[in-house]
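So the structure is just underneath, and the comments pick up after that.
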Amino acid sequence: MADKTGDRELLGVDDARALILSQVAPLAGAERRELHDALGRVLAEDVISPIDVPAHDNSAMDGYALRAADLRGDGATRLRIAGSAFAGRPFAGAVGAGECVRIMTGAMLPAAADTVAVQESVKVEDGFAVIPPGQKAGQNTRRRGEDLRAGGVALAAGKLLRPAEIGLVASLGLGEVAVRRPVRVAIFSTGDEVQAIGTAAKSGEIYDSNRYTLWGMLTRLGCEVRDLGIVRDDPAALEKALREASAGADAVITSGGVSVGEADFIRTLMAQLGDVAFWKIAMKPGRPMAFGRIGPAFLFGLPGNPVATMVAFYQFVRPALLKIAGVAPLAPPPAFAARCGEALRKGKGRTEFLRGILSFGDGGWQVRSTGAQGSGILRSMCDANCFIVLESERGDVAAGDSVTVQPFEGLV
Ligand code: AMP
Ligand code: MG
């Protein structure tokens, strides 16, 4: 792996992501979980429906269930109202010739009935319903098994279980699903200047924010996070931390220590402990990054600047962790075009991820930047609701130009 890209060569964003995805593989194994404990997990096996959905023919509207064959072609039809059918309380008999049954949404269609006339269109006179002309046979009904047949695949393995999926499984009468275990991720920060909160930062020192953003992003992804704290820029301390982190983790994520000038002793150490490549990615922010394996764990060495850490996480680590978690098929984060409300300077030859504020108005999506874009300005991520992605070969952007945006909401 270490030889795939030379140190001086710049790697494109898409190439870097593809290289990472080609290396990582889904976790094996499955565990059964009750539905409340399955939210955010990934299905390990297909969910097979034990029942037809819907389980019986039923009405899609409040109205009158009738036999289409009774309807007159030349005008209104008078049908005797033989009874009522409610959801959970079906009409006991069959609908006879010249009859109809008052029916509520979701109620079982009585035997022999095949069509529902909506309540608002029907006049009731002396126990008879007057059905206006223009009804279509079969209308306003839901047929048994039309959504899903018993024995069919309701949800495929690889599906991330969101509230809709949890509800769907429940609708089949199933209380448990087979899911993958959460991905185990160990994190630590590096840097002599990085201080833990709770200690007084001296001049030249900064508080550690990366472990908190990483913890937050990983938790939202459903990972099990192990936090190993802050590690000094010292080979022995780093070696100890890397050994400890990689034992029992699927992935290790570090921040800091991978930029030029800092990388040398880390590179030597990581080469001794595992198989790790140091990349320079053609992007801003987030140019330096390490990726490889240490023991059983994948290592992601992210740059230390707080925005760079988050951008690199979203662009590279997140898709890799989703693949490891077993999510399939893997979809790229949602991206679409928006009109840029301001001029932006952009150098060619690298992809830039600006922090943007996206809104809908004046007939389309509009975006503007959050202002100063320094990679240390974490506030820019707080103000933003999207990345503005300026592709590698793109030059300056004029106000009114179309740009690509990636909304954050789609990323969590
Ligand atoms: P590095 O990648 O180690 O060269 O760090 C780049 C910049 O990010 C430096 O200004 C660091 O002080 C800052 N930095 C590194 N680690 C952290 C962290 N855990 N939290 C906040 N800032 C950091
Ligand atoms: Mg550092």
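Atoms within each ligand, like the ligands themselves, are counted from 1 in listed order.
The closest donor-acceptor contact from the side chain of Arg232 to the backbone of Ala237 lies at 3.5 Å or more, if one exists at all. The closest donor-acceptor contact from the side chain of Lys348 to the backbone of Ser392 lies at 3.5 Å or more, if one exists at all. Using a distance-only test at 3.5 Å, with no hydrogens or angles considered, no donor-acceptor pair links the side chain of Asp114 to the main chain of Gly138. The main-chain N or O of Ala236 is never found under 3.5 Å from a side-chain atom of Glu239 such that the two would form a donor-acceptor pair.
With respect to atom 13 (C) of ligand 1, the closest heavy atom belonging to the protein is Gly304 O, 3.7 Å. The protein heavy atom nearest to atom 21 (C) of ligand 1 is Ser209 OG, 3.4 Å. Scanning all protein heavy atoms for the shortest distance to atom 7 (C) of ligand 1 gives Asn305 OD1, 3.4 Å. Here the protein heavy atom with the shortest distance to atom 19 (N) of ligand 1 is Asp208 OD1, 2.7 Å. The nearest protein atom to atom 18 (C) of ligand 1, hydrogens excluded, is given as Asn210 ND2, 3.1 Å; this is a heavy-atom distance. With respect to atom 4 (O) of ligand 1, the closest heavy atom belonging to the protein is Glu262 OE2, 2.6 Å. Residue, atom and distance of the protein heavy atom nearest to atom 22 (N) of ligand 1 are Ile206 CD1, 3.1 Å. At the shortest separation from atom 11 (C) of ligand 1 among protein heavy atoms lies Glu193 OE2, 3.0 Å.
Listed by atom number, the atoms of ligand 1 under 4.0 Å from Ser189 heavy atoms are 19 (N). With ligand atoms numbered from 1 in the order given, ligand 1 contributes 21 (C), 22 (N) to contacts under 4.0 Å with heavy atoms of Pro306. Residue contact check: Tyr207 has heavy atoms under 4.0 Å from atoms 20 (N), 21 (C) of ligand 1. Within ligand 1, counting atoms from 1 as listed, the ones closer than 4.0 Å to a heavy atom of Val194 are 16 (N), 17 (C), 19 (N). Below 4.0 Å from some heavy atom of Gly257 lie the following atoms of ligand 1, by number and element: 1 (P), 2 (O), 3 (O).
Under the 4.5 Å side-chain criterion, counting only non-hydrogen atoms from C-beta, Leu242 is not in contact with Val231.
Aromatic rings from Phe300 and Phe316 are positioned such that their centres are separated by 6.0 Å or more.
Thr370 and Asp383 share no side-chain donor-acceptor pair at under 3.5 Å. Thr404 and Glu391 are linked by a side-chain donor-acceptor pair at a separation below 3.5 angstrom, with hydrogens and angles left out of the test. Counting only N and O atoms by type, the side chains of Ser189 and Asn210 include no donor and acceptor under 3.5 Å apart.
Around the CZ atom of Arg368, the shell of radius 6.0 Å holds no more than 12 heavy atoms that belong to other residues, nucleotides or ligands.
Contact analysis leaves Gly191 out of contact with ligand 1, as no non-hydrogen atom separation drops below 4.0 angstrom.
In summary, no N, O or S atom of Asp192 is located under 2.8 Å from the Mg ion (ligand 2).
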